[in-house]
Amino acid sequence: MSQSMDGMIRQSSGISDGYLVDTYGSERVRGRGKGYGRRVLSTRCQAASSTQQPAILVNSCTGKMGHATAEAVVRAGLTLIPYTFTGRSEAVAVGNVGVCGVPVELITPQERQVALDKIKADYPDLVVIDYTLPSAVNENALFYCENGIPFVMGTTGGDRDKLLEDVAASGVYAVIAPNMGKQIVAFQTMMESMAEEFPGCFQGYSLRVVESHQRTKADTSGTAKAVVQSFQKMGLSDFKESDIEKVREKEAQMFDMGVPEECIDGHAFHTYTLTSEDGSVTLEFKHNVCGRKVYAEGTVDAAIFLHQQRQKGAATKLYNMIDVLKAGAMR
């Protein structure tokens with residue numbers, strides 16, 4: 001790890017704004033020994049005034065969702081820890097942009113334990129936000145648990161049952177949810193309540209679920225899966241998660257789902273259609289989101305909520321976004 005772990009990242013000559021910008025192809029990355037490059041991302045953003053709040057480590061700021069969340073951290077007036085843990089791949093989703101004027105150093109898997117030890121010492125009120133890859137969910141969660149770090153898992157996919165079991169056994173404070181958008185979570189809560197109040201109310205109906213996300217989202221929508229579980233309780237037990245239709249092709253997204261062209265690379269459109277056995281009744285539920293801001297802001301709310309629970313020593317340690325909503329922990 002570079003000596004910049006002891007303070008602010010040193011300025012790099014020849015790069016505008018004094019930060020070393022990773023362009024992954026258009027500019028050469030400065031090396032640190034054999035085949036190694038130290039990479040820093042930067043931009044400008046307006047931050048609100050801060051109070052005593054958690055310091056946030058976002059993994060990884062190189063992805064679009066992580067990057068948007070890091071910007072939301074700064075807008076909220078919180079401390080964005082100037083490091084981010086990357087995966088094994090060198091590819092990134094964000095090019096010459098960064099995190100609201102805060103220089104952020106990329107930490108490789110080989111460096112992360114040493115880096116985390118230093119970060120924990122420097123930021124005792126640390127909370128981690130994870131937006132990485134489905135294939136890294138369980139490994140990352142175990143790493144956070146082994147180090148006793150409270151975290152918000154925004155990444156979907158992975159083995160969710162094992163994820164919940166591992167976190168519960170560790171005693172680490174965590175928020176784990178398939179969707180961090182506050183209003184979408186409220187919709188999920190409504191559907192869950194409906195299932196509890198009116199079990200079997202759609203007995204005999206058929207269900208079609210179609211979800212559309214940017215092509216880089218490899219897994220099926222976790223939100224769609226959660227809503228399907230509610231519908232199953234309402235009499236649609238024959239509908240399986242594998243029946244969810246996943247749309248990732250641009251033409252189908254635009255013309256079948258109605259996604260604006262400018263939102264193709266960042267959207268979440270869901271349609272749930274229920275039809276009676278004789279076809280005389282149709283009910284349709286939709287929630288369509290363009291961009292990532294609603295998820296990023298909800299994730300920051302979850303991190304603040306988690307920090308508060310930890311500060312007061314709450315007996316419950318594993319939460320979801322419904323818990324955050326019920327606590328009124330929304331800005």
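Since we're looking at a predicted model, the values are computed, not measured.
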Flag the pair Glu211 and Lys246 as a salt bridge only when some basic side-chain nitrogen lies within less than 4.0 angstrom of an acidic carboxylate oxygen.
no
Check the hydrophobic clustering (I, L, V, M, F, W, Y; side-chain heavy atoms under 4.5 Å; chains of links allowed) and say if Met194 and Leu236 are grouped together.
yes
Which pair of non-hydrogen atoms, one from Val289 and one from Phe269, has the smallest distance, and what is that distance?
O-CE1, 3.6 Å
Distance-minimising heavy-atom pair for Asp219 and Thr156:
OD2-OG1, 2.6 Å
Tyr295-Ile322 co-clustered via ILVMFWY side chain contacts under 4.5 Å
yes
What class does the angle between the rings of His270 and Tyr272 fall in, given that below 30° is parallel, 30 to 60° is tilted and above 60° is perpendicular?
parallel
Between Glu261 and Lys250, does any NZ, NE, NH1 or NH2 come within less than 4.0 Å of an OD or OE carboxylate oxygen?
yes
Minimal heavy-atom distance between Val104 and Tyr83, with the atoms involved, is CG1-C, 3.7 Å
Salt bridge flag under 4.0 Å for residues Arg112 and Glu146:
no
Test Ile56 against every option in Thr69, Ile304, Val74, Leu78 by the side-chain contact (heavy atoms from CB on, under 4.5 Å) rule and name the one that passes.
Leu78
Where is the tightest heavy-atom contact between Pro82 and Tyr123, given as atom of each residue plus distance?
CD-OH, 3.5 Å
Give the cluster check for Leu133 versus Leu163: same hydrophobic cluster or not, with ILVMFWY residues linked at side-chain heavy-atom distances below 4.5 Å.
no
Salt bridge check: are Asp122 and Lys120 linked by an N-O gap of less than 4.0 Å?
no
Can you list the steps and then say if Ser212 with Gln253 is a side-chain hydrogen bond (donor to acceptor under 3.5 Å, both in side chains)?
CA-CA 7 Å; Ser212 174; Gln253 290 174 334; 3.3 Å; yes
